[in-house]
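As the structure is a prediction and not an experimental result, all values here were calculated from the model. Letters go in sequence order (proteins before strands), and every chain restarts at 1.
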2 protein chains.
Amino acid sequence: MSRATYHHGALRQALIDGAREILAERGHDQFSLNEVARRAGVSTAAPYRHFESKDDLLAAVADQGYATLHQTLDRTAASTDDVRERLLRLGGAYVRFAHDHPDLFVTMFRGRPSPSPVGVDSFNILLRSVFDAQAADLISTHPSPELMARSIWAALHGLAVLSLRQPHQRFGMDEPPEDLAAHTLSALLGL
Amino acid sequence: MSRATYHHGALRQALIDGAREILAERGHDQFSLNEVARRAGVSTAAPYRHFESKDDLLAAVADQGYATLHQTLDRTAASTDDVRERLLRLGGAYVRFAHDHPDLFVTMFRGRPSPSPVGVDSFNILLRSVFDAQAADLISTHPSPELMARSIWAALHGLAVLSLRQPHQRFGMDEPPEDLAAHTLSALLGL
DNA sequence: ACCTGAACACCGTTCAAGT
DNA sequence: ACCTGAACACCGTTCAAGT
């Protein structure tokens, strides 16, 4: 409410937060840069001091998503020493992230691909865990760790995307994220 | 070019075709109903005789996508009697469909979920093939066919979505669709 | 340096009016 | 029955002007 009293880029974060609010409330199709400005109490031209365009603001939202996801996966990987359990928890964390932060998740995989390396960091957490699982002979060692990690990522990503859409109760997609991931990983990998 | 000479719903299909053109050329974010009308040579109000809204037109595009996908999968499933080969071809066909018709694929999984039962039909083709593969002891019989088909669908869908985004060369996602699907299915299922 | 006010071209949608 | 013309509120973006 403190109109026009932003300082040191506080408006920048306020715009990102407002964008996330609107995305969570109404989704991407109803998202409007003008409304973000209105909600922050500034003119419709003000955001252009901090972002080049609407897409640029959305890219900043996506970047926060990549950072949050990486944090979550990092903590999850450290939460257990059991190799099998770690893989299952990583899968659950990925699908849960999508369900808990659909505004971030959808934004990350919608607009222009992020040049930020943090998506790669997240992949590497999975990659290490896959490597360990192969070393422990829990999963097939015939495909390279990279191919195996890529395949598991695809399965988790597809699961997240599909289960986020409403009426897939027909396919039993209404389970909790952790169960979805666990069932899928054990079906595909025999875990 | 035959301005205002549409008859028996020919405009309806012309609008759908125009929408697909624009979606393929410029993507969803640049898509405009007014431009669809302009391209068809009618006023901006004309589409409202055939569709309730912009979203309704996009839903019609999605429906054509579900129909085309189902056709493709149906033919693919009939193209071989080898159970293993059929599963691999179905996977390849799914990812190839996404790459050949990104306008349709993205539209199908974007707007409001389609109430059309043809997505279920496509799933059932996969389900039958999974059932056969389990009966032939090619893949694990421990998970139910439904759960196994759901998991494979998730993997293929994730693969399609992720490989459609540009700069994932880092993860080796620049292979042809058939190879992507085959590598993933054999990594996950040991096929 | 950061924001406002006003403007531009464009959008989705509505509705009276034309044939 | 199907389309036009004109209008409405809204959008993304630009830019001169204010402090």
Side-chain angles (χ1 to χ4, degrees), chain A residues 1-63 103 106-107 110-112 114, chain B residues 1-63 103 106-107 110-112 114:
Chain A
M1 280 301 155
S2 55
R3 169 178 279 264
T5 61
Y6 292 105
H7 53 294
H8 349 305
L11 176 56
R12 188 189 146 88
Q13 188 58 44
L15 292 170
I16 294 177
D17 292 344
R20 292 194 52 184
E21 271 182 43
I22 298 175
L23 289 171
E25 285 171 19
R26 287 205 266 293
H28 272 78
D29 291 333
Q30 309 287 347
F31 177 81
S32 136
L33 184 54
N34 284 10
E35 186 179 353
V36 176
R38 231 178 286 127
R39 220 175 260 223
V42 295
S43 78
T44 66
Y48 288 89
R49 293 294 123 190
H50 301 274
F51 301 99
E52 285 186 357
S53 64
K54 176 187 173 181
D55 280 356
D56 194 41
L57 169 55
L58 288 174
V61 172
D63 279 345
D103 57 323
V106 172
T107 306
R110 202 170 167 122
R112 61 164 175 267
S114 164
Chain B
M1 282 301 159
S2 55
R3 170 177 277 265
T5 61
Y6 293 104
H7 53 295
H8 346 307
L11 177 55
R12 188 189 147 88
Q13 187 59 44
L15 292 169
I16 294 178
D17 292 343
R20 291 194 53 184
E21 271 181 43
I22 298 174
L23 289 172
E25 285 171 20
R26 287 206 266 290
H28 272 78
D29 291 333
Q30 309 285 350
F31 176 81
S32 135
L33 183 55
N34 284 9
E35 186 180 353
V36 176
R38 231 178 286 128
R39 216 173 261 224
V42 294
S43 78
T44 65
Y48 289 88
R49 291 295 123 190
H50 301 275
F51 302 99
E52 283 187 358
S53 66
K54 176 187 174 182
D55 281 356
D56 195 41
L57 168 56
L58 288 173
V61 172
D63 279 345
D103 58 324
V106 172
T107 306
R110 204 173 166 118
R112 60 164 175 268
S114 163

### Query
Which nucleotide in the list C/dT13, D/dT4, D/dG12 gets nearest to the side chain of A/Y48?
D/dG12

### Task
Compare all side-chain heavy atoms of B/L33 with those of B/L15 and state whether any distance is below 4.5 angstrom.
no

### Query
Between atom CZ in A/R39 and atom P in D/dC11, what is the gap in whole Å?
12 Å

#### Entry: Closest to side chain of B/L11, choosing from C/dC3, C/dT14, D/dC3
D/dC3

### Query
Counting only Watson-Crick or G-U wobble pairs whose two distances fall under 3.5 Å, which nucleotide matches D/dG18?
C/dC2

### Task
Name the pairing partner of C/dC8, where a pair is Watson-Crick or G-U wobble with both distances under 3.5 Å, or state none.
D/dG12

### Query
Between D/dG12 atom P and B/Q30 atom CD, what is the distance in whole Å?
12 Å

### Task
Would you check if A/L57 and A/Y48 make a side-chain contact, meaning some heavy-atom pair closer than 4.5 Å?
no

#### Entry: Closest to side chain of B/R38, choosing from C/dT4, C/dA6, C/dC11
C/dC11

### Query
Which whole-number value in Å describes the distance from B/N34 CG to D/dC11 P?
16 Å

#### Entry: Shortest non-hydrogen contact between A/D103 and A/H28, atoms and distance
O-CE1, 4.2 Å

## Note on the structure
Separation of C/dC11 atom P from B/D29 atom CG, nearest Å, is 14 Å

### Task
Starting from P on D/dG18, measure out to CZ on A/R49 and report it in whole angstrom.
15 Å

### Query
If you measure from the Lys or Arg side-chain nitrogens to the Asp or Glu carboxylate oxygens, is any gap between A/D56 and A/R49 under 4.0 Å?
no

### Query
Looking for any heavy atom pair under 4.0 Å, which part of the strands does B/S32 touch: base, sugar-phosphate only, or nothing?
sugar-phosphate

### Query
When you check the phosphate oxygens OP1 and OP2 of C/dT13, does a side-chain N or O of B/T44 lie under 4.0 Å from one of them?
no

### Query
Roughly how many Å is it from CD in B/E35 to C1' in C/dC11, rounded to a whole number?
12 Å

### Query
What is the distance, rounded to the nearest whole Å, between atom CG of A/D55 and atom P of D/dG12?
10 Å

### Task
Identify whether the distance between the nearest side-chain nitrogen and carboxylate oxygen of B/R39 and B/E25 falls below 4.0 Å.
yes

### Query
Rounding to a whole Å, what distance do you find between A/H28:NE2 and D/dC11:P?
16 Å

#### Entry: Phosphate-side-chain proximity, A/S53 and D/dG12, N/O vs OP1/OP2 below 4.0 Å
no

